[in-house]
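Whatever order the structure lists them in is the order used to number ligands and atoms, beginning at 1.
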Amino acid sequence: MTVKIAPSLLAADFGCLREEALRAQAGGADWLHVDVMDGRFVPNLTLGPAAVAALRGRVTIPLDVHLMVEDPLPLVPAFARAGATLVTVHAEACRHLHGTLQQVREAGVRAGVALNPATPLQAVEHVLHLVELVLLMTVNPGFGGQAFLPEVLPKVEALRRRLGPPGPGVPEIEVDGGITPETAGRAAGAGATVLVAGSAVFGSPDPARAIAELRAAAAQATRSPG
Ligand code: DX5
Ligand code: ZN
């Protein structure tokens, strides 16, 4: 099983998002991670559905939209229409998480649920059957370039045990925040199947090389012994 690499546009040059997205795609990115922030759930404000629609017309890889917004449900139809492939909502931001995820699926996009570092796995126990992705934050959300929080690794391991081995019908485990070649191996070794990397990719003069290094570190950590 090859771990997917999802570069986060938050670290890209916002003055040329299209070129940056195409460069990541050409460099081997599996998905493009789009961090949407509303200035309320997190103290930052970023991209909206119009940016996703502009990207949809340019890149062919899945658009992995991470909604760091309070009460995300009203925004879901616009992101679905804009061409999002996956829409991930935070459990902490939804008053009715089960109903919200049902409506994400009814909007015709793949549903994901995200947990902040302090939120226990128990928060998603009763919605795992509704999602194709569980995003575990390894930084406190709002900004790129932060240090990886290793105390989240046991949560990744526990989720891997809870879901069983990766495979068809098993939700992806996406780890998001502070991913570098060093932490990529630790996250993949703990059971992550998708790694989000912003500054490690877009902060590099050679995004293709950065993506290859992350993939190699993840492969090294998940190679069966012998
Ligand atoms: C943080 C975002 C992350 C962030 C990752 O709130 O959800 O996706 O952009 O950036 P790096 O890889 O630089 O930590
Ligand atoms: Zn993110």
Side-chain angles (χ1 to χ4, degrees), residues 3-14 17 20-21 23-24 27 29-48 51-52 55 61-70 72 75 79 84-93 109-119 131-153 155-156 172-188 192-205 207 209-211 213-215 217-218:
V3 171
K4 296 178 188 62
I5 306 298
S8 163
L9 278 175
L10 185 66
D13 177 348
F14 274 32
L17 273 184
E20 294 272 76
R23 209 167 158 220
D30 295 287
W31 295 356
L32 204 55
H33 188 78
V34 183
D35 283 313
V36 177
M37 302 179 184
D38 66 355
R40 293 169 56 219
F41 183 71
V42 292
N44 198 354
L45 202 52
T46 59
L47 302 166
V52 172
L55 289 164
I61 56 178
L63 297 179
D64 170 34
V65 175
H66 177 190
L67 294 184
M68 286 161 277
V69 303
E70 286 294 351
L75 285 172
F79 280 101
T85 312
L86 302 100
V87 170
T88 296
V89 299
H90 269 263
E92 304 91 348
V109 294
R110 297 167 61 183
V113 61
L115 295 179
N116 284 335
T119 307
V131 300
E132 296 185 46
L133 176 134
V134 180
L135 184 160
L136 298 180
M137 292 299 300
T138 41
V139 295
N140 285 295
F143 298 92
Q146 300 180 75
F148 182 84
L149 297 173
E151 59 264 45
V152 179
L153 285 171
K155 192 194 299 188
V156 180
E172 302 278 7
I173 298 179
E174 183 172 72
V175 167
D176 185 6
I179 293 295
T180 64
E182 190 270 325
T183 59
R186 299 173 71 187
T193 55
V194 184
L195 301 177
V196 174
S199 42
V201 174
F202 290 110
S204 163
R209 179 187 168 87
I211 291 169
E213 283 176 0
L214 292 172
R215 205 188 303 282

What is the name of the N/O/S atom of Asp176 that is nearest to the Zn ion (ligand 2)?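 This turns out to be OD2.
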
Report the atom name of the nearest N/O/S atom of Asp35 relative to the Zn ion (ligand 2).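 When I compare the N, O and S atoms of Asp35, OD1 is nearest to the Zn ion (ligand 2).
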
[atom]: which protein heavy atom is closest, and how many Å away?
{"atom": "atom 13 (O) of ligand 1", "result": "Ser199 OG, 2.5 Å"}
{"atom": "atom 8 (O) of ligand 1", "result": "Asp176 OD1, 2.6 Å"}
{"atom": "atom 14 (O) of ligand 1", "result": "Gly178 N, 2.8 Å"}
{"atom": "atom 9 (O) of ligand 1", "result": "Asp35 OD2, 2.8 Å"}
{"atom": "atom 1 (C) of ligand 1", "result": "Phe143 O, 3.7 Å"}
{"atom": "atom 12 (O) of ligand 1", "result": "Gly198 N, 2.7 Å"}

Number the atoms of ligand 1 from 1 as they appear, then name those within less than 4.0 Å of a heavy atom of [X], with their elements.
{"X": "Gly177", "result": "14 (O)"}
{"X": "His66", "result": "7 (O)"}
{"X": "Gly142", "result": "1 (C), 6 (O)"}
{"X": "His33", "result": "8 (O)"}
{"X": "Met37", "result": "6 (O)"}
{"X": "Val196", "result": "8 (O)"}
{"X": "Leu10", "result": "9 (O)"}
{"X": "Gly144", "result": "10 (O), 13 (O)"}

When rounded to the nearest 0.5 angstrom, what distance separates [atom1] in [X] from [atom2] in [Y]?
{"X": "Thr85", "Y": "Leu32", "atom1": "OG1", "atom2": "CG", "value": "9.5 Å"}
{"X": "Leu75", "Y": "Asp38", "atom1": "CG", "atom2": "CG", "value": "8.0 Å"}
{"X": "Thr193", "Y": "Asp30", "atom1": "OG1", "atom2": "CG", "value": "10.5 Å"}
{"X": "Arg40", "Y": "Met68", "atom1": "CZ", "atom2": "CE", "value": "15.0 Å"}

Salt bridge or not between Arg110 and Glu132? Use side-chain N to carboxylate O under 4.0 Å.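 Looking at Glu132 together with Arg110, the answer is yes, because their closest N to O distance falls below 4.0 Å.
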
Side-chain H-bond candidate by donor/acceptor type, His66 with Asp64, under 3.5 Å: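 No.
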
Could you give me the CA-CA distance, side-chain angles and deciding distance for His33 and Val194, then say whether side-chain contact (heavy atoms from CB on, under 4.5 Å) is met? CA-CA 11 Å; His33 188 78; Val194 184; over 6 Å; no

State whether the shortest distance between N or O atoms of [X] and N or O atoms of ligand 1 falls below 3.5 angstrom.
{"X": "Ala197", "answer": "no"}
{"X": "Gly145", "answer": "yes"}
{"X": "Gln146", "answer": "no"}

Between the side chain of Thr138 and the main-chain N/O of Asp176, is any donor-acceptor distance below 3.5 Å?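 It does hold such a pair.
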
Please confirm whether the backbone N or O of Gly178 pairs with a side-chain atom of Thr183, one donor and one acceptor, at under 3.5 Å?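 Checking the backbone N and O of Gly178 against the side chain of Thr183, a donor-acceptor pair under 3.5 Å is found.
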
Just wondering, do [Y] and [X] contact through their side chains at under 4.5 Å, heavy atoms?
{"X": "Asp35", "Y": "Asn44", "answer": "no"}
{"X": "Asn140", "Y": "Leu149", "answer": "yes"}
{"X": "Phe79", "Y": "Val34", "answer": "no"}
{"X": "Met137", "Y": "Val139", "answer": "yes"}

To the nearest 10°, what's the angle at the Zn ion (ligand 2) between atoms ND1 (His66) and NE2 (His33)?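 Taking the Zn ion (ligand 2) as the apex, the two atoms subtend 100°.
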
Counting only heavy atoms, which portion of Pro141 has something under 4.0 Å from ligand 1: side chain, backbone, both, or neither?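 It is both backbone and side chain that touch ligand 1.
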
